[in-house]
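Working notes, structure below.
As a basis for the values below, the full set of heavy atoms in this structure was taken, side chains included, without hydrogen atoms, waters or symmetry mates. No experiment lies behind these values; they were computed from the predicted model shown.
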Amino acid sequence: MTPTVLWATVLVASAASFVLKLAGHLVPEHWLATDRVQRSSALVTVALLVSLVVVQTVADGQAVVVDARLPALAVAAVALALRAPFVVVVVLAAATAAGLRALGWG
Amino acid sequence: MHSSRPPEVTAAVRQGLSIAVATGLYGISFGALGVVAGLSVPQTMALSLLLFSGGSQFALIGVVAAGGTPLAAVATSTLLGVRNMLYGAVVAPLLQVRGWRRLAAAQLTIDESTAVAVGQRDPQAVRAGFWTTGLGVFVLWNLCTLLGALAGDALGDPRAWGLDAAAGAAFLALVWPRLAARQAQAVAALAVAVTLALVPLTPAGIPVLAAAAAAIVVGLVAPPARPGRGEGRAA
């Protein structure tokens with residue numbers, strides 16, 4: 001993306017984010033309180049985040065590859081299971097990938 | 001604000017500040033990954049100041065880094081922001097704000113501020129918890145984004161530092177507390193399958209949107225999950 005397109009992307013996404021937040025404050029609460037809306041929203045959030053985990057971990061362009069990112073994700077999962085803080089999880093994952101690459105793999 | 005605060009309010013403020021510090025630090029990784037994804041420092045900062053929703057911000061730079069289209073980046077980011085609308089509907093009646101404060105409250109309506117606010121019983125503690133958490137996260141998240149963006153600029157090859165792996169870990173950390181319910185786990189497995197199947201076949205950004213579409217279908221047709229499992233709420 002060119003810098004102009006990138007700026008447009010950033011600003012349009014920011015405007016959309018604010019419109020959603022403000023809409024929540026303005027609409028009557030019961031409009032959004034239905035079970036189906038709440039459930040779909042929760043599930044969409046899970047699906048998007050999980051899909052992003054997969055893309056960030058094994059996608060390389062349009063190829064699916066196994067490299068240092070996969071063991072790094074496994075380390076992150078262990079850290080999360082042990083209730084490590086977010087920032088520790090991210091640093092451990094980066095350190096794992098960096099370490100494996102320094103040893104010449106992935 | 002008051003000379004003698006009720007203990008509930010003090011507890012809400014403390015809780016908000018500790019969450020603000022933890023979340024703010026996380027902003028360092030966002031700032032670094034933003035510039036690694038190809039955004040300038042001002043563009044990365046604009047996301048933290050204006051978009052201000054961690055999941056959406058990471059998603060947008062993720063699609064950009066993968067070479068996705070602007071439309072895919074905006075769509076992914078915006079879909080992740082839909083939950084903030086639901087949060088707004090929950091916290092608005094508790095906050096009772098008008099005028100410009102309502103705009104500020106809307107911008108600060110995110111996972112963390114909502115979770116702290118709805119976790120309080122005393123009405124004054126609800127408001128104290130929301131504003132302390134929202135403002136605290138906003139200030140620290142932006143300061144740390146700037147630090148991370150400047151550091152990311154100076155790092156050189158992001159792969160040598162494992163920063164590409166850090167992005168996957170960041171999304172995993174965001175989704176982790178949402179995977180308690182059985183239905184969420186099933187949708188997570190479905191999302192993995194859909195994404196792996198579509199990555200070789202479609203342009204960047206499309207597999208993520210397809211996973212979201214699959215989740216919407218599940219949400220509409222599946223029987224309701226058993227109540228009381230805390231779905232749809234931040235951890």
Side-chain angles (χ1 to χ4, degrees), chain A residues 1 3 5-10 12-14 16-18 20-25 27 29 32-33 35-36 38-57 59 61-64 68-69 72-73 76-77 80 85-87 89-90 93-98 101, chain B residues 22 25-26 29 43 46-47 50-51 53 56 59-60 62 70 73-74 77-86 88-89 92-93 102 106 109 161-176 178 184 187-188 191-192 195 199-200 207-208 211-212 215-216 218-219 224 231-232:
Chain A
M1 290 186 209
V5 172
L6 206 41
W7 266 119
T9 305
V10 165
V12 170
S14 297
S17 167
F18 185 69
L20 283 173
K21 288 172 174 174
L22 190 60
H25 279 255
V27 302
E29 190 183 3
L32 297 174
D35 184 55
R36 201 160 272 194
Q38 302 269 356
R39 186 153 45 103
S40 295
S41 165
L43 293 179
V44 165
T45 301
V46 167
L48 284 167
L49 291 172
V50 168
S51 183
L52 285 161
V53 170
V54 173
V55 166
Q56 294 289 342
T57 304
Q62 288 201 355
V64 173
R69 293 174 293 173
L73 188 73
L80 284 164
F86 273 20
V87 66
V89 171
V90 173
T96 302
R101 283 173 185 148
Chain B
L25 283 175
Y26 196 40
S29 53
Q43 284 165 340
L47 284 176
L50 303 175
L51 202 157
S53 189
S56 295
L60 188 142
V74 170
S77 158
T78 304
L79 273 174
L80 265 173
V82 168
R83 69 185 191 288
N84 291 329
M85 182 166 70
L86 303 183
R102 182 173 248 179
T109 301
W161 296 88
L163 283 181
D164 51 344
F171 287 118
L172 188 66
L174 286 171
V175 77
W176 196 267
R178 302 171 193 277
V187 164
V192 171
T195 309
V199 161
V208 177
I216 291 173
V218 172
E231 277 190 64

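For the options B/Val208, B/Val74, B/Thr109, heavy-atom pairs under 4.5 Å to chain A are most numerous at B/Val208. When each of A/Arg36, A/Gln62, A/Gln56 is scored by its heavy-atom pairs under 4.5 Å with chain B, the top score falls to A/Gln62. For chain B, the option among A/Ala93, A/Ser41, A/Ala72 with the highest count of heavy-atom pairs below 4.5 Å is A/Ser41. In terms of heavy-atom pairs under 4.5 angstrom with chain A, the leader among B/Ala173, B/Ala215, B/Ala166 is B/Ala173. Heavy-atom pairs under 4.5 Å with chain B peak, among A/Ala76, A/Ala95, A/Ala8, A/Ser17, at A/Ser17. The choice from B/Leu174, B/Asp164, B/Ile216 that makes the most heavy-atom pairs within less than 4.5 Å of chain A is B/Asp164. Of the residues considered (A/Leu73, A/Thr57, A/Leu48), A/Leu48 shows the highest number of contacts with chain B, using heavy-atom pairs under 4.5 Å. By number of non-hydrogen pairs under 4.5 angstrom with chain A, the leading residue of B/Val199, B/Leu50, B/Val218, B/Val187 is B/Val199.
Both the backbone and the side chain of B/Pro200 come within less than 4.5 Å of a heavy atom of chain A. Contacts between A/Val90 and chain B at a heavy-atom distance below 4.5 Å involve backbone atoms as well as side-chain atoms. Interface residue B/Ala212: backbone and side-chain heavy atoms are both found under 4.5 Å from chain A. With a 4.5 Å cut-off on non-hydrogen atoms, B/Thr78 touches chain A through its backbone and its side chain both. Contacts between B/Ser29 and chain A at a heavy-atom distance below 4.5 Å involve the side chain alone, from C-beta outward.
One distance of note links OG1 of A/Thr45 with CZ of B/Arg83; it measures 5.0 Å at 0.5 Å rounding. Distance CG/B/Leu79 to CG/A/Leu20: 9.0 Å, rounded to 0.5 Å.
Looking at heavy atoms from C-beta onward, B/Leu172 lies in side-chain contact with A/Val53 at the 4.5 angstrom threshold. By the 4.5 Å heavy-atom criterion applied to side chains, A/Val50 and B/Val192 are counted as neighbours. Between B/Leu80 and A/Leu52 there is a side-chain heavy-atom pair separated by less than 4.5 Å.
Taking all atoms of both residues into account, the shortest heavy-atom contact from A/Ala77 to B/Trp176 is O-CH2, 3.6 Å. The two residues A/Arg39 and B/Gly219 make their nearest non-hydrogen contact at NH1-O, 3.3 Å. What you find for A/Trp7 and B/Ala46 is that their closest heavy atoms are CZ3-CB, 3.7 Å.
With sequence neighbours left out, B/Ala92 forms a side chain to side chain contact (heavy atoms under 4.5 Å, CB included) with A/His25. For A/Ala68, the side chain to side chain contact (heavy atoms under 4.5 Å, CB included) partners are A/Ala97, A/Leu100, A/Arg101, A/Trp105, not counting sequence neighbours.
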